[in-house]
Amino acid sequence: MNLFNDIRALVIRSLEDMAAEGTLPAGLDLSAVAVEPPRDAAHGDMATNAAMVLAKPAGMQPRAIAEALAARLLADSRVTLAEVAGPGFLNLRLAPGVWQGLVGAVLTAGAGYGRSTLGAGQKVNVEFVSANPTGPMHVGHVRGAVFGDALAALLGFAGYDVTREYYINDGGAQVDVLARSAYERYREAHGLEPEIREGLYPGDYLIPVGEALKAKYGASLLDKPETDWLVPVREFATTAMMAMIREDLATLGVRMDVYSSEKALYGTGRIEAAIDRLRGMGLIYEGVLEPPKGKVPDDWEPREQTLFRSTAHGDDVDRPVKKSDGAWTYFAPDIAYHWDKVERGFDQLIDVLGADHGGYVKRMKAVVTALSNGRVPLDVKLIQLVKLFKNGEPFKMSKRAGTFVTLRDVVEQAGAEVTRFVMLTRKNDAALDFDFDKVLEQSKDNPVFYVQYAHARVCSVLRKAREAGIACDDATLAAADLARLDHPAELELIRRLAEWPRLIEIAARGHEPHRVAFYLYDLASDLHGHWNRGNEETSLRFVQEGEVETSQAKIALARAVAVVISAGLGILGVTPAEEMR
RNA sequence: GACCCCGUAGCUCAGGGGAUAGAGCGGCCGCCUCCUAAGCGGCAGGUCGAUGGUUCGAAUCCAUCCGGGGUCGCCA
């Protein structure tokens, strides 16, 4: 149920009819024809740009097209007014019954209102978080986790078949560092002084891992060379870290469908196979890179490496897949991993990465383009920094000192739901200020509270109505005499509800879950405004003393608002509040 | 030096090529005998960083500059 799509379909059909009867030339491209809410509500309910878009290709005056189109649209019972305005807009007014009927449709569809078939069941893989398994998740990971999870939910709502996936970076040098760090804690568990050298992970979170190693291995790993204990300790520690990370994610309300391991790609021949495939395309060669201009690293010296010709697909320089010592770079298993995703049949890949990985985007896109023969698009969403504040003062964190702010710190202080909502009140590529005090403030300055309050107000109305003996289940409300919703303020609120399915499609197409948060804020604002109008105009209050049928119609509207807020919060991973106390 | 992101009201930010560019905060003025005033309404505040270009139409797309941030072979 998307009224804008319905009316657009009507416009398109009318244009095709006009072409068939010769009013318009045949074979026009109608893809740019749009039906949108006008900027100014005084212009009408909906506006189409058809006449302006088609004027040139049709070789006609915009006005002539608009007028002919208007005449046709008026033949439809839903359209009550169609007038040409401005440079050639066709402004439409719809019959009140169309809007009133929407309230019933929302209540009938319930949580499904706004669901779209846009995705047409296409398989989309959203890879997000992918934090190194070397410690607990910190605040920097939180935003990516929330963003990825909400994006996945949004795409699911828009009709895509979504897989949430975590790529475990358990194959590189950092997990060896983890193993050495854990080994020191193991020694500590045996009463020895741990040597947390420069470069090791100093965090306390490894102390229980050391204890657990002692419980499992006793003293058998003490005084052994690293070559003896590195592999088992690494295995043990990464498993422990991943268990911790899964718990962290659960704390935030994030659940992955698939965990993929980098390490599992080694020794299977899949990295080699992926590189060979690229080699077969002429995209792998041995060569020496130019030193970067401007800022040359101190220890730069030209070396021959195995390179991927990413410049063939839009990158700026070719990228090494092997280090000078012959080992794979991080890039190589990632190539194999993305190939694996392509092979698993995904129609679209999305990687959610920290903004500091921006330099990685072009080569990754080049890989996916090459390995899928251009079939699979990869969209990389870069997540900007979160700056923490407390009482307006910057909140410092330092990973090196082991005193970084963890995901759990954030969730314990702010709560998972508040954290999720606030993290989505900015576009992914804009930095975000997160103030522990502000996000918990119970006032309209706090968008989480503001939206929750709107939902709670509707719940309050329903409680009052039930106390007054008015039946308020959704089925009854949907069948109410909705024609009684004839006040301009009521119709305005309904128009906002009508935008919800459209908003979903726009947000899904752009991979922009923040739009949902902004929409909910606007909807909540409309509800609060309407509520207060009831102070002066008592006929606008939802519960009308002694008038059951009118009350039911008005309550149906309130309930429809709550249904949409609830659905929107659901996408963001937030539970709607029944009351604010 | 190259690449990526950002630049919109005093501040924080929205704005899928459309009409007179919006919201919140801050400032000023109002609204509770009344379903939650934890709220609402109004006023003031803009050369959309700059200059060109594409277009019937540009904050939006392209180019070039300016300013801020990030990244830049053998880390992941």
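All values derive from a computational prediction rather than experimental measurement.
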Problem - Same-atom distance (P) from B/C61 to B/C5, integer angstrom - result: 11 Å
Problem - Any A/W328 side-chain N or O less than 4.0 Å from OP1/OP2 of B/C74 - result: no
Problem - A/F89-B/G18 aromatic stacking (under 5.5 Å, under 30°) - result: no
Handout entry: Charged tip of A/R319 within 45° of A/F331 ring normal and under 6.0 Å
Key = no
Exercise for the section: For A/Q61 and B/G57, give me the distance from atom CD to atom C1', rounded to whole Å. Expected result: 15 Å
Practice task
Report which part of the nucleic acid A/Q442 touches: base, sugar-phosphate, or nothing (heavy-atom distance under 4.0 Å, all strands).
Solution key: base
Problem - Pair assignment for B/G27, Watson-Crick or G-U wobble, requiring both distances under 3.5 Å - result: B/C43
Practice task
Please determine, for B/A58, whether a Watson-Crick or G-U wobble partner exists with both distances under 3.5 Å, and give it or none.
Solution key: none
Handout entry: Rounded interatomic separation in angstrom, taking CG from A/L382 and P from B/G70
Key = 15 Å
Practice task
Salt-bridge test for A/R63 and A/E67: reply yes if a basic N is under 4.0 Å from a carboxylate O, no otherwise.
Solution key: yes
Exercise for the section: Determine the interatomic distance between C1' on B/C29 and the same-named atom on B/G17; round to the nearest Å. Expected result: 40 Å
Practice task
Ignoring the backbone of A/W300, work out which of B/A76, B/C56, B/G73 is nearest its side chain.
Solution key: B/G73
Handout entry: Out of B/A14, B/C35, B/A23, whichever nucleotide has its closest atom nearest the side chain of A/V543
Key = B/C35
Problem - Whether A/S130 side chain and A/Y166 backbone form a donor-acceptor pair below 3.5 Å - result: no
Handout entry: Between C1' of B/A38 and CE of A/M580, the distance in whole Å
Key = 7 Å
Handout entry: Residue A/F449, side-chain heavy atoms: nucleotide from B/A38, B/A76, B/G15 that is nearest
Key = B/A38
Practice task
Answer yes or no: does a side-chain N or O of A/R319 lie under 4.0 Å from OP1 or OP2 of B/C3?
Solution key: no
Completion exercise
Between A/D351 and A/H338, the two heavy atoms sitting closest are OD2-NE2, 2.6 Å
Handout entry: Pair partner, B/A14 [Watson-Crick or wobble, under 3.5 Å]
Key = none
Exercise for the section: Return the nucleotide paired to B/A63: Watson-Crick means purine N1 to pyrimidine N3 with N6-O4 or O6-N4, wobble means G-U with N1-O2 and O6-N3, both under 3.5 Å. Expected result: B/U51
Practice task
Just compare B/U36, B/C74, B/A76 and give me whichever is closest to any side-chain atom of A/N132.
Solution key: B/A76
Problem - Separation of atom CZ in A/F4 from atom P in B/G16, rounded to whole Å - result: 15 Å
Practice task
Under 4.0 Å between any heavy atoms, over every strand shown, what does A/R63 touch: base, sugar-phosphate, or nothing? Just pick one.
Solution key: nothing
Problem - Closest listed nucleotide, where the reference is the side chain of A/Y453 and the choices are B/G18, B/C40, B/A37 - result: B/A37
Practice task
Send over the distance from A/D429 CG to B/U71 P, rounded to a whole Å.
Solution key: 17 Å
Exercise for the section: Send over the distance from A/I383 CD1 to B/C4 C1', rounded to a whole Å. Expected result: 14 Å
Practice task
Look at the side-chain N and O atoms of A/Y450 and state whether any lies under 4.0 Å from the OP1 or OP2 oxygen of B/C40.
Solution key: yes
Exercise for the section: Using only heavy-atom distances, decide whether a donor-acceptor pair under 3.5 angstrom links the side-chain of A/D522 to the base of B/A14. Expected result: no
Completion exercise
Rounded to whole Å, NZ of A/K365 lies from C1' of B/C4 at a distance of 11 Å
Practice task
Check whether any side-chain N or O of A/K362 sits under 4.0 Å from OP1 or OP2 of B/C4, and answer yes or no.
Solution key: yes
Problem - Distance test, side-chain N/O of A/S443 to OP1/OP2 of B/A38, below 4.0 Å - result: no
Handout entry: Backbone N/O of A/A558 and side chain of A/H530: donor-acceptor pair under 3.5 Å
Key = no
Handout entry: Within 45° cone and under 6.0 Å: A/R363 NZ/CZ vs A/F308 ring
Key = no
Fill in the blank from the handout: Picking from B/G18, B/U71, B/G73, the nucleotide nearest the side-chain atoms of A/P292 would be B/G73
Handout entry: Nearest-nucleotide pick for A/R39, side chain only, options being B/A76, B/G16, B/A19
Key = B/A19
Exercise for the section: Just compare B/C35, B/A14, B/A19 and give me whichever is closest to any side-chain atom of A/A430. Expected result: B/A14
Completion exercise
Regarding the side chain of A/R515, the nearest nucleotide among B/G18, B/G15, B/C35 is B/G15
Practice task
Name the orientation of the base relative to the sugar in B/C28: syn if the glycosidic angle is within 90° of 0, else anti.
Solution key: anti
Exercise for the section: Grab the two heavy atoms, one from A/A50 and one from A/V33, that are nearest each other, plus how far apart they are. Expected result: CB-CG1, 3.9 Å
Exercise for the section: Examine B/C6: is either OP1 or OP2 under 4.0 Å from a nitrogen or oxygen in the side chain of A/K427? Give yes or no. Expected result: no
Completion exercise
For B/G1, the nucleotide meeting Watson-Crick or G-U wobble distances (both under 3.5 Å) is B/C72
Practice task
Taking only the side-chain nitrogens and oxygens of A/K323, find out if one of them lies under 4.0 Å from OP1 or OP2 of B/A76.
Solution key: yes
Practice task
Check if the side chain of A/R303 and the base of B/C74 share a donor-acceptor pair of N or O atoms closer than 3.5 Å.
Solution key: yes
Practice task
Give a yes/no on whether any side-chain N or O of A/H514 is located under 4.0 angstrom from OP1 or OP2 of B/G15.
Solution key: yes
Exercise for the section: Using the ring of A/W328 (Phe, Tyr or Trp, six-membered ring only), decide whether A/K322 places NZ or CZ under 6.0 Å from its centre and within 45 degrees of its axis. Expected result: yes
Exercise for the section: Grab the NE2-P distance between A/H455 and B/U36 for me, whole Å please. Expected result: 15 Å
Exercise for the section: State which of B/U36, B/A19, B/G18 makes the closest approach to the side chain of A/H43. Expected result: B/A19
Exercise for the section: Answer with base, sugar-phosphate or nothing: what part of the nucleic acid does A/D318 contact at a heavy-atom distance below 4.0 Å? Expected result: nothing
